Structures are given as structure tokens and as C-alpha cells.
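Quick notes on the structure that follows.
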Amino acid sequence: MDSHPLLKTLGIDNLHHGACTGEWIETTGEPITSLNPSTGEPLGTVTGARRPECQLVLARALERFDSWRMVPAPARGEVIRQLGNKLREHKEPLGELIALEMGKIRSEGLGEVQEMIDICDFAVGLSRQLYGLTMHSERNRHRMYEQWHPMGAVGIISAFNFPMAVWAWNAAIAAICGDVSLWKPSPATPLCALAVQKICNEVMAENDCQGLFNLIVGGADEGRWMADEGRIPIVSFTGSIPVGRKVAAQVAGRLGRSILELGGNNAIIVMDDADLDLTTRAITFGAVGTAGQRCTTTRRVFAQKGIHGKLSQTLCKAYSTIKSGDPLDESTLLGPLATARAVADFKAAIELAQQQGGEVLCGGNAVEGPGFFVEPTVIKAPPQQGFPIAWEETFAPIVYLFEVDDLNQAIIDQNAVTQGLSSAVFTDSLSTAERFLSPAGSDCGIANVNIGTSGAEIGGAFGGEKDTGGGREAGSDAWKAYMRRQTCTINWGGELPLAQGVTFDVG
Ligand code: UN1
């Protein structure tokens, strides 16, 4: 089989080893074949890592940690600055590789690479801002402060839908924090991981810091190994709620730290006073972008009575213009789903929705192969309590459109599901917006006004509550999850006063 030209451009056409620490390690595990979701054809095969190979990667990573933790944080930032620059240089082919292997459209693939570049820039600045607080000691001639130290190895288990960016959120921040990382990408997108690792290898070689960014290609078994491995103090997992529960329990069982980004079931509330055109565009991007396979995808819309009818029309009109097909074609807005299984899940969800009283307003069908294509679908739904399919996250471009009386009901329905990632309200009313953002409003980690549920910027902390797992990644102070806090008290006087006025006179 001839490799795809993109693999040649990125220099990964003859890479088959599934482990790397800066140098590729010969692996002997199961072959993992990457399929092009647009055609169902294989793109390449990578040999997975077996346990001894995983152990070797970890040993080299820990060896690097010994010295990396002593590199001043701004000097660590310099390495990430170089990484960001190399990602800039390779933005186009990397973005196109995402489109090829994962199936999101080219513009979103480039956007994902931009997310990596942005987080590198953010991490560079952050490398001079790992601030700790200074406290006033209650004792004479004492100083008290806290400082942040690296933790060690960070395991990153990422999902197919963001095959590069979610790694970068974790790895770039971990690196400036003084940690090393071990990446286990989704077995559906190993080529994206090889391409990124190859760029990391160049940066590590130029800075003599091999072992800083490490790769392990494997399946569920390698993920379990990471979750169980006591020498990996932090495990960042992105994926399904059932698997996330297992990872959380395993990591907690050894008193490790997990950072979880699990499912979302994100809603947009549309009030009668919303701008219809803005709302329609936001819902369309939120529900159809990345073929409905973002954890931030808009899955439910709660429209107030007065706008519900108009919105169903404008949505179906917008949907009728969406061109699906080759994600690398500039005019395509909807690429394929990731797998044949995802198409089966789409069909099952449509069938259940209809059985439960939903009415397909537009779309509703899978498209004949080749490739895993489906139609973008709007379903008019009965009240949510009697519509159990809407409580589940189906990774497909299906949006359920509900009618609600008022904001109170919309907020209750929005918050009723077990997931708590992203949410939005469309309104022109300040008080409606503020009620939505108040403690009695949205219960999600992300709450937007007149912006859809997906497409968050890296500067904010990303993550959600309840079954979404509670983790926070990327911007704001999410870095604190990758470090340990140390409280230090220094006595610079000649006496030894005890705290709380305790006396303990000896001799
Ligand atoms: C994900 O779907 O796992 O907010 C991450 C967004 C993207 C990240 C999504 N920046 O939609």
C-alpha cells in the first residue's frame, strides 16, 4: 500500500513503532491500523507497545524528570516556545492530517493545530507566573509562603475527536510545570500522535531533553497500566463516562490524582428575545461542527414558545445548505463520523428518538458508503422527562429541539442530565443572561451568553461538573493540577516560638 502523501510530508510514512522517548523504541504489541473515515480504507499501521516497552518509556521519562525539575521554569518555557514555533511551521500538514485521519473538516483541523500553538504561547508566559502566595506568620521574625513544585510523570490518555490539541493542553502545561509526560493517544488516531511526537523529537534533540515528551501507542490495556502505575502520579483522561469512572477509581485506589474530561450533553437555551440569525448559526456550528463529535457539541436546544417554530424553520433551512463529503475539500462543512460503529449508534438514536415521540424535522439518515457519513439531523422532541434518548450523549450530528415556557423551566431541564460540561443562553435581556450565569443558573463548567457551547478558547479553564468528571485543563489556573503545593515557614530570629502560643520549655 502506498502511503498517503501527507504522511510523507510529515515524515511519518515509514514509522511503525508505537513507543518513543525522543528515540523510537521497537514495539512488539498488537498492530493498530488507522482507517480513513471518509473511505473506510487503511491509512497505515502502527505496532502497539507491550508492557516491557511501556516500562522502558516510563524509566526514561523518570530519568529525564530528575534533571528537568531543576531547570528554571522560564528556561522550560523556552523549550515550549520552540515547540510552538515548530507547530506553526507545520500547521497546514498537521491540520490536514487531522482531517484525513479523524474526519473533521480542514478548517477545524487547522483550528485544532492553532489550539496547540495557542497553548504553547500560554505556557511560555505561564512559565514566569507559577505564583505562590505569601502569608503573614503569627510568630515573630518568621516568614511563611507557598511554592509549587513539579509532580513527576503525567499520563495523558486522549480521545480520537481531538487527536492533538488535548495532548497539547496537558503536555505543554505539564512541561513548564517541570513534569514529564507519557501520551497514550486513541488507537483510532495513532498517525496524528506519531506526527506530533516527531516534532517533539526535534525539539527535544535540539535542547537535549529526550524523555520530556513520550509516546505509547496501545489499547485499553495500556490505559489500565497507566491508571494503575504508582510511578505516574497524575493521569489525565479524556473519553467516555463509563471508562472515566474506572480510571478515576483505579487512580484514586492508589491515591493518585486524575484529571477527567468525560462526556457532555450540552444545551442552548433560546429565549423569545434572541437574535434568530445569530442563534441559528451558533446552533448549526455547535451541533454539526466536527460532525457532532466534540464533547462540547450542542445536543439539546430549549427554545421558548414564541421562537420555537421559527427556529425549527431557520435551522432546517441552514441544514439544507450544509455540504458533506471529503473533509479536505474547502467547501465541505460536514465530514464523516469516526467509525462504522458510530454510524450504527446514530441510526439507533434516531430510531429510539422516534419511538419516544420525537419527530425528524430534517436529516435522519445514514449515507451509503464508502465512508461513515450521516445526515445532520434536527429532531423535534416532546418534553425531556419523557424522552430518555436526550439524556444520553450520542456522538453524532443530532440535535433535539424542545419547547419551553420560560427560563426557569429551561434551566431545570438543562441541568437535569447527569453531564455538566457546556451550556449557553441566547437572549437580548441582561437579567436573563445574569440569571443564567448566577449560582441558581447553569450547573456546567462552561456557561456562555450569545455564543454556542463548543469552540472554547484555551485561555479559560476547560472542563465540567457531575459526570463530566470535574477536571480542568488548559488555561486560567488549571496548571495547579500538575504541581504540588509546598507551604514553607522560615524562622529568621534567634528564638523558637511555637504556633498557637504553645509553650514547651525544655532544659
Ligand atoms: C473535546 O471535545 O474533547 O471547546 C474538546 C471546544 C474545543 C475543545 C473540545 N476547544 O470545542
Side-chain angles (χ1 to χ4, degrees), residues 87 95 98-99 101-105 107-122 156-173 183-186 188-189 192-193 236-241 243-244 247 258-268 281-299 333 335 337-338 342 393-397 399 419-424 442 444-449 451-465 467-476 478:
L87 293 171
I98 295 174
E101 190 181 32
M102 183 274 159
K104 67 178 70 173
I105 61 169
S107 169
E108 291 186 284
L110 295 180
E112 176 162 357
V113 181
Q114 188 59 46
E115 234 177 281
M116 291 204 283
I117 295 166
D118 292 344
I119 197 76
C120 286
D121 285 356
F122 181 87
I156 305 168
I157 304 176
S158 62
F160 79 91
N161 64 338
F162 274 79
M164 295 186 189
V166 171
W167 164 80
W169 295 354
N170 286 278
I173 301 293
W183 180 17
K184 194 195 89 60
S186 160
T189 50
C192 283
S236 168
F237 173 81
T238 305
S240 73
I241 293 167
V243 179
V247 171
S258 52
I259 303 171
L260 303 172
E261 299 291 356
L262 312 179
N265 190 351
N266 317 295
I268 294 184
R281 283 191 281 140
I283 296 172
T284 307
F285 174 66
V288 182
T290 325
Q293 300 172 105
R294 291 192 191 213
C295 55
T296 51
T297 290
T298 307
R299 307 205 179 279
L333 288 183
L337 292 179
E393 180 187 39
T394 304
F395 243 45
V399 70
Q419 308 90 337
L421 180 56
S422 188
S423 59
S442 165
C444 294
I446 298 171
N448 296 333
V449 177
I451 296 177
T453 56
S454 66
E457 302 175 21
I458 59 91
F462 182 92
E465 307 306 333
D467 281 359
T468 301
R472 289 296 185 278
E473 292 172 354
S476 184

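Atoms within a ligand are numbered from 1 in the order they appear, just like the ligands themselves. Positions are given from 1 along the sequence. Keep in mind it's a predicted model, so treat the numbers as computed, not measured.
Between the side chains of Glu101 and Thr189, no donor-acceptor pair is found at a separation under 3.5 Å. Checked by atom type, the side-chain pair Ser423/Ser442 shows a donor-acceptor distance below 3.5 Å.
Across all their heavy atoms, Asp467 and Ile241 have their closest contact at O-CG1, 3.5 Å.
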Tabulation required: pairs of a nitrogen or oxygen in ligand 1 and a protein nitrogen or oxygen under 3.5 Å; columns are atom names and distance to 0.1 Å; otherwise 'none'.
unit_1	atom_1	unit_2	atom_2	d
ligand 1	2 (O)	Asn161	ND2	3.3
ligand 1	2 (O)	Cys295	N	2.8
ligand 1	4 (O)	Gly455	N	3.2
ligand 1	4 (O)	Ala456	N	2.7
ligand 1	10 (N)	Glu115	OE1	3.0
ligand 1	10 (N)	Glu115	OE2	3.3
ligand 1	10 (N)	Ala456	O	3.3
ligand 1	11 (O)	Arg294	NH1	2.8
ligand 1	11 (O)	Thr296	OG1	2.7
ligand 1	11 (O)	Gly455	N	2.8

Taking distance alone, no hydrogens or angles, what donor-acceptor pairs closer than 3.5 Å link side-chain atoms of residues 160-170 to residues at least two apart or in another chain?
unit_1	atom_1	unit_2	atom_2	d
Asn161	ND2	Gln293	O	2.8
Trp169	NE1	Glu115	OE2	2.9
Asn170	OD1	Ser236	OG	2.8
Asn170	OD1	Tyr482	OH	2.6
Asn170	ND2	Val166	O	2.9
Asn170	ND2	Ser236	OG	3.4

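No side-chain heavy atom of Asn266 sits under 4.5 Å from any side-chain heavy atom of Thr298.
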Take Phe237 and Ser258 through the side chain to side chain contact (heavy atoms under 4.5 Å, CB included) test and state the conclusion after the steps.
CA-CA 7 Å; Phe237 173 81; Ser258 52; over 6 Å; no
